[in-house]
Structures are given as C-alpha cells and as structure tokens.
Amino acid sequence: MLYRAHLLSPEAPARLKDIPDGGLLVDGEGRIVDAGPFEAVAAAHPGAEVLDLRPHWILPGLVDLHSHLPQYECVALDGLELLPWLETHIFPAEARFRDPEVAAAAARLYFRHQLAVGTTTSVAYLTVHQEAADRAFREAERSGIRAILGKVMMDRHTPPALLEATDASLAQSEELCATWHGRDRGRLQYAFTPRFAPVCSMELMKGLSLAAQRHGAYIQTHLSENLGEIDRVRELFPEARDYTDVYASAGMLGPRTLLGHCIHLDRSERDVIRESGATMVHCPRSNAFIKSGIMPLRRWLSEGISVGLASDVGGGPSLDMWGEMAMACNASKLRWAGQRIQARRLEELEGLDAALRSRLAEALDLEAEEPVDPALAFHLATLHSARALGLEAVIGSLDAGKDADFMVVDPSRVDPAETRAILRPDEVLSRLMYRSDPAMVRAAYVRGKRCHALEA
Ligand code: GUN
Ligand code: ZN
C-alpha cells in the first residue's frame, strides 16, 4: 500500500525530515519499502495501490519507554511523595491483579488507549503475578501493539499481598521470558523487572541479571527518583558506594537496561551508567506529580548518556506521550528559569569572596542548560527511545527497511481558531504537544497493520 500524506520523521542526530506531499510505501510484511516525495515514490513503484490521506500527516509511532499497566486505575491521586504514594495507592491496586480476569481487562483497555494516542511501542511493568503477566502478554499479542513487558519482582520489605520468595520470583520470570520473549518475530519481548532496590534482595538482582543475559532480554527498574528512596537504599545496602553501585554490583547494568527517573545522580554514578550503555528514562509528568524533582535532561544527554521518554503511568496522569513531550519542554524551562533566578540572587549577595561564590554556584547547580525544544522532545519519544531498545534499525522513524509503525495525525484538530496558518514542522509538533487531543490521532499502525482507527 502506498500512503499519501504529509510525512514528518526524526532524522539523526537532531533534524526533522519533512515531506509535505509524501509517499510511504509499505509491503505485505509490514515493512517500509520506500519513503519520499509522493511523485518519486509512485514513479518508482508503478501499480502500487494508493491510499490518499491528505491533508493528514504521517509520523512514526511513539515509544513509551516506562509505564505501569496495573496503575492505570489509580492515576492522578495527588498529595504524596513516592514511598507513601506506593503504600497508599499503588500496592493495593497492584494486589488486585491476583485475579487474572482483572489483569486481562485492564490490559485490553491499556493497549487500546496507548494506540489511540499514537503509542505503538509499549514498555511496561506488570505486577508480581505470573498469571496476570501471561494475560497481559496475550492481550498485547491480540491488540497488535509492539510491547516489552515484565512481571514485577519484589522479594523483601513488601506488603504481604505482593511479597514473593526469591526462587519463585526468578523461576516465574524466567518461565514468562521463555514463553514470550521474541514472540511474533520480536514484536513481543521480555523485560526482567525488579521494582527497585528497596524491595529486592541482592540474590534476586544477581539472579535476574544472569537470566536476562541468558535470554538476551531487557532489564527495567527505577533509580534515584526521590530523596527518601535514596536514603532507604543507603540504609539497606551500607556496603554500596551509592544507589547506582547496588545495581552495578548485581550485574544489572548493560545496553539492554532501562533505568526509570535518574534525577539525583552524581558524576561518578553517571559515568558508570554511560559506560555500561544503560538508558535513563525521563518521566517528567510523574517527576512533577509525586514531587521528585526535575531531571537535568540536556546535561545528561550532553554527557553522552542514552536517554528516552516515558509516561510512567500511574505517576504520570495519562498514556498520552504528547503531553509527556510538552512536560519535558516545560520542566526544562522551569529548571532553566529557577537556575537563573538563583544565580541572580547569588550575584546580588554581598560579602562573599570569589572562591566561596564559585563553590556555592557549583553546589547549588546553577549552570543553566538550554531548555528542551519540541523537536528534541519528539526525537526522545521516537528515535532516541528506539535506540535505547536496540531497535533503531526497526522502528523510530519513517525510513525504508524499518517496520511500518506509524500514526496518522490531523493537526487541524489542535488549531485553536481554525486559522489554518502554515506552520513550520517544529511548530506543528509544538502545537501537537502542548494542545494534544485524542481526536488528532486518526489511526495507528504497527508493522503496516491498522491497530487503531478513529471513527470519522
Ligand atoms: N519506584 C518503585 N516503584 C515505583 C512505581 O511504581 N512508580 C514510580 N514512579 N516509582 C517507583
Ligand atoms: Zn515507574
């Protein structure tokens, strides 16, 4: 099928490929055969059946690199920081997944809602329940979405309803991995999912690292999201140099490791993460919501660290990655403004000698990076996250040879006054992010198969 539409795609390292009258040719296997100006693609492939989608746009499907499927039912309950929020809202919700029917119904809704906002790759945490995890995989398989999922692992300091024995946790995770990792030519994959160090024994973390290596599977966990969490890790692992060192000692860090949040990390921890090839997953709406802080995204990127973007539902309020891109921009602007205001106050403070002034500026982290712009946010939700998964050759942009994971978007839906102004592509992205609305995503395709379509 040859789709005719306005094509907009990220191009490495930081450009946008914009083709106002474009053609995207997809073969019967769901692979992109050609992408370029419509006339050229049509001429090179005479006889291809054309589906004219103008005036809509085609963009690559989005990647949500970290979310919690069982938490969808308790999003947006405000007031608490991470540890009490987990105890109060999250653990009781996750305990309900003991019932596989609850899990199956939740998964069906979850993947449908992700596809409806243009997310075609879902990387998600499940719960500790093996049967529930199996049902979630089955729903992902049926929905057509690309998914990397994992049964949560927690073998200590956990409420009784969710506590597992170490051996059982490892055995069940490995069984799920053996069943699902690589299913449907790799559309479904497995991520070993130790929740975070405060609820995992070293024995569990070492065991799952070996299992993940054996299977070539992913590892996903949380790292340095909240100051209370970091204190807890220091108490529980007094022998570790820092939080990152706990995961490094367990052998958990490598190019297939996804580390959620990564807000409060010193230089040596960042160096360890960069050298391991692991990815930091930015969850800006969650970071604001549970009062965790602002990840210095530009700085982490400038140090050569792999960074992707995610909704972190239920820390984040919805599965809409467009809203997440907007928050990545806004959070970085708030950080930038805050640093400039503090720097001005320091400048105006009298009676400090130069050495003390410079020590204060460093300790207070007053060096402002440029805020994130919509084009970078779009790259994060597409190519960067694809690369973080080692899937850069498969998804993340509209390029020949990749799988046809894409969405059809109608930007006129977010044009506030129906002005139909001609905007630059980065301005269109800006509108889509800041004014995102489910009505703007007309359809979503994975491997050329339509998995979501908005009624006209
Ligand atoms: N750290 C450990 N578990 C969680 C979780 O479910 N959500 C978030 N945001 N952080 C966590
Ligand atoms: Zn999370």
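Each ligand, and each atom within it, is numbered from 1 in the order the structure gives.
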Enquirer: Please indicate how many protein N/O/S atoms are found closer than 2.8 Å to the Zn ion (ligand 2), with waters neither displayed nor included.
Expert: 4
Enquirer: Determine the interplanar angle of the Tyr247 and Tyr243 rings, folded into 0 to 90°, and report it as parallel if under 30°, tilted if 30 to 60°, perpendicular if over 60°.
Expert: tilted
Enquirer: Under the 6.0 Å and 45° cation-pi test, does Arg156 pair with Phe237?
Expert: yes
Enquirer: Short N or O contacts of ligand 1 with protein, under 3.5 Å, listed by atom name?
Expert:
unit_1   : atom_1 : unit_2 : atom_2 : d
ligand 1 : 3 (N)  : Arg195 : NE     : 2.8
ligand 1 : 6 (O)  : Gln71  : NE2    : 2.8
ligand 1 : 6 (O)  : Arg195 : NH2    : 2.7
ligand 1 : 9 (N)  : Glu225 : OE2    : 2.9
ligand 1 : 9 (N)  : Asp312 : OD2    : 2.8
ligand 1 : 10 (N) : Glu225 : OE1    : 2.7
ligand 1 : 10 (N) : Glu225 : OE2    : 3.4

Enquirer: Taking the six-membered ring for Trp and the full ring for Phe, Tyr or His, determine whether the centres of His222 and His66 are under 6.0 Å apart.
Expert: yes
Enquirer: With no hydrogens and no angle check, is any side-chain donor or acceptor of Ser385 less than 3.5 Å from a backbone partner on Thr382?
Expert: no
Enquirer: Distance only, no hydrogens: is a donor on one side chain within 3.5 Å (strictly under) of an acceptor on the other, for Ser122 and Asp64?
Expert: no
Enquirer: Using the rule given for salt bridge (Lys or Arg N to Asp or Glu O under 4.0 Å), can you reason through Arg270 versus Asp266, listing the C-alpha separation, both sets of side-chain angles and the distance that settles it, and then say yes or no?
Expert: CA-CA 6 Å; Arg270 283 159 10 225; Asp266 66 27; over 6 Å; no
Enquirer: Treating His68 as the side-chain partner and Thr127 as the backbone partner, does any N or O pair qualify as donor plus acceptor under 3.5 Å?
Expert: no
Enquirer: What orientation do His379 and His384 show, parallel under 30°, tilted 30 to 60°, or perpendicular over 60°?
Expert: perpendicular
Enquirer: Within the distance-only criterion (no hydrogens, no angle test), does the side chain of Ser224 pair as donor or acceptor with the backbone N or O of Cys262 below 3.5 angstrom?
Expert: no
